[in-house]
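Worksheet: one structure, shown below.
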Amino acid sequence: MEDEKKEIDEKHKELLTKAYGNDEEEWKYAQDKIQQINTDLELREQASLVFNGVAYSTAYEYNQVKGINYSPPRNIEDDREVSLGIVHEKIVAFAAIFLKYVFKYRIRCYDSKGKLVRGLGKIYELGIEFSRKREQFLHIIGLVFWEVFTQGNAFVLEDWEVMNRKKIKAYLKKEGEEKKIVNPDTMDYTYEFLDELTYEDGDEVQLRRAISRVLDGRQVIFGNPEIENIQEQPRITIEEEMSKGDAHAMFGTLKRWDHIPKEATNIEIMTGEKLTLFDVKRLKKPEETFIIHRVLDKEHNRFNIFINGLMIFSRKTPLTLFYPRNNYPISNVPAERLRGSIYARSVPAKTKFNADFVDWALKMLANKFEQGIDPAILSKGKYTLSRNMFRGGQVTHGVSSQDFERADPENKGITQPEFSFVGLLKEIIEAQTINRITAGEGTGADTLGQEQLLESNQRDKLGYLLDGLMLGFLQMAERRCETIESKYTIKQKETIVDGKKINVYQNFSVSVSGTENDVEFNDEVGGENYDVEGTRNELFKKSFEDKKAGFSTEYYLANPNHIREGRYFFDVEIIPERIKDTNIQLAIMWEDFANRLKIFGTVVNIDAMKKEYLETSGKPDDTFTTQLYQKLDQEQVINSQRVPAGSERKKEVNVR
């Protein structure tokens, strides 16, 4: 036994030495950190009142089953695959209700003295709009709501995706001819044409974008699940499985890649003991599928990645290198928040006992109905009786009624009290979740007035859910602002203009409410020799000319270095708006426009009303033509005639 232990200790030291060198502090840090992750996982998997007395992973799987209305029979012979499907329908109803909301944001920026920096918040807003269009953020909103109401929380990771792609050059070479590169003009979309082509690797193109990933809740391991605020967590670990090929593509060039243990025995020896992190259920084929742990330690400002228990980076790697504001890149979108828990209550968790019982009751009623239609038969004679004898027109010889009898002669089928009991259970579940009127399932009251009152009361009750959703969308906007600060302000390349080296940044353009917004990063903005007034006048003139041509355009300038250095603090406000029928919205808008003009007269901003109309109606951006800007042109001519010689009227343009 001692020899075996000695051999294991020697193997343990050998693996650690190969991976971490002779740095004993590095060994100990890696060992302590993986033990800490394991402890956090075991804490999460303890039975909890939040999850009805079961472990988190067990509750997560149960919620998944209920969410898709999968109700497998417990006993194939005696049970029936029948379910009311109430939980599934309620989840769909909740998601449908909140998909009708738009979570708009308003951002204000302040300097270190607390003074408002005008116009800078707009650049953050436009950056969010641009980046979300690139990632097609609208496609994941439904998934966020589904996860929220199915599992209680949607954990959304703010990630930065970098993809390297090689352009492929295709050549066509016919007999007796030189090979020619294939371009869109010479491409023939037939298999015969493709069969004649040869290929070469071209230049490599790198694509970068911010993306939002809805995580499986089991991927997130919190340092202290009793802390409600995600940013106050001492640490967060993101766990994921990755195939060897994908892991090699992402981490294969790193120094410690070759030392990653690929056998369960070596993992156990390297980590020092058998851990829940790498038990048989979780680590099936370590040589083919790796378990990755991305460790974010805000408390100690540390960041690292573990692959099969091996720490990849130096123990001193700070979190602020990746996330300069030292915030976790994860947003928590909760359903019904609870005091003293990072986790919220889901629809399946709230209705678990009643929903399970009503499904069981329905199965029992189905059994009773089946017994009434096709009762069991007790055979008393010498014959082997078949149910075929009861078919219409069937002739069976030698069997009398005394040879058999029904097993349950008093079965009267499903009775009204039994129906009422199932109905009562359904009403209880609706009281726990959402009623039929709000869910769009039909009337639940005798009069229209009662229906409207019930629906109004239900929507008031949904306000608590809206509070949690607003919190989650607020966090997602904040995390995207931080990505814009640290990633979109990075210099892309350099170019030469008039013999001077100029830095080129990630400029972008995005259309909002009928107006094209061009944002340009320039590291000379705000410098000693920078002509702010001249730039403002130039951009104002350019914007004015665009409007005359029928293209409403706004221009913004900002210094990327000031933004990236965190000189400003941003405050995000979330404004939920319920989407209404377009015709109703237009009617309300026309009435509002009429009141504005009647009360305020000529001081009303017509351009702002045009933007509001385009946003509400969904009309194309070029709805308003150049005729609408003739008045603006005339006013400019009149104003220029009034300005005394040698003076110049200043126009405000967004320059930061």
Side-chain angles (χ1 to χ4, degrees), residues 100-109 116 118-130 132-133 138 477 508-519 536-537 539-557 571-640 642 649-656:
K100 295 177 183 177
Y101 279 85
V102 175
F103 294 89
K104 297 183 177 181
Y105 38 83
R106 184 182 296 122
I107 302 175
R108 296 181 178 87
C109 292
L116 177 67
R118 298 185 182 277
L120 187 57
K122 186 67 176 180
I123 292 178
Y124 280 94
E125 292 175 13
L126 294 172
I128 292 176
E129 192 71 22
F130 170 74
R132 285 186 170 175
K133 285 185 176 181
L138 286 176
F508 58 87
S509 178
V510 59
S511 179
V512 179
S513 301
T515 299
E516 194 70 23
N517 297 272
D518 283 346
V519 177
R536 281 179 175 165
N537 292 332
L539 292 181
F540 176 81
K541 181 179 179 181
K542 190 175 181 181
S543 177
F544 177 75
E545 294 296 332
D546 287 342
K547 288 181 180 180
K548 283 180 59 179
F551 304 101
S552 179
T553 309
E554 298 288 345
Y555 294 91
Y556 298 84
L557 271 175
D571 175 57
V572 181
E573 179 185 1
I574 293 294
I575 307 164
E577 291 185 3
R578 183 172 170 80
I579 301 174
K580 299 179 181 179
D581 181 83
T582 302
N583 292 329
I584 297 176
Q585 283 186 294
L586 286 172
I588 296 173
M589 184 188 66
W590 294 134
E591 183 179 355
D592 180 48
F593 281 3
N595 289 333
R596 289 190 213 176
L597 293 169
K598 182 178 179 180
I599 297 172
F600 302 107
T602 57
V603 298
V604 173
N605 188 331
I606 300 297
D607 285 339
M609 293 170 68
K610 292 172 187 173
K611 291 181 182 180
E612 189 175 341
Y613 168 76
L614 292 175
E615 185 176 1
T616 304
S617 65
K619 298 292 184 182
D621 297 350
D622 57 357
T623 298
F624 299 109
T625 61
T626 55
Q627 293 178 355
L628 297 174
Y629 294 99
Q630 288 179 356
K631 184 178 179 181
L632 183 63
D633 197 5
Q634 293 170 358
E635 289 179 355
Q636 187 191 38
V637 173
I638 294 172
N639 291 335
S640 64
R642 292 176 178 173
R649 181 180 298 274
K650 296 182 180 179
K651 303 292 184 180
E652 183 174 353
V653 177
N654 302 284
V655 180
R656 294 287 174 264

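Heads up: numbering here begins at 1 and tracks the sequence.
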Roughly how far apart are [X] [atom1] and [Y] [atom2], rounded to 0.5 Å?
X	Y	atom1	atom2	answer
Y101	I575	OH	CD1	14.5 Å
L126	I107	CG	CD1	9.5 Å
D592	M609	CG	CE	7.5 Å
K122	E129	NZ	CD	9.0 Å
E125	L120	CD	CG	10.5 Å

Can you name the residues that form a side-chain hydrogen bond (donor to acceptor under 3.5 Å, both in side chains) with [X], not counting sequence neighbours?
X	result
N605	none
D518	S509
R106	E573
E591	none

> In chain order, what residues pass the ring-ring contact (aromatic ring centres under 6.0 Å, His included) check against F130, with sequence neighbours excluded?
Replying inline: F508
>> If the condition is salt bridge (Lys or Arg N to Asp or Glu O under 4.0 Å), which residues does D571 pass it with, not counting sequence neighbours?
In response: none
> Under 3.5 Å, side chain of E554 to main-chain N/O of T515, donor-acceptor pair present?
Replying inline: no
>> Quick one: does any side-chain atom of K133 pair with a main-chain N or O of S511 as donor and acceptor, under 3.5 Å?
In response: yes
> Taking all atoms of both residues into account, what is the closest heavy-atom pair of L116 and C109, and its distance?
Replying inline: CD1-O, 3.4 Å
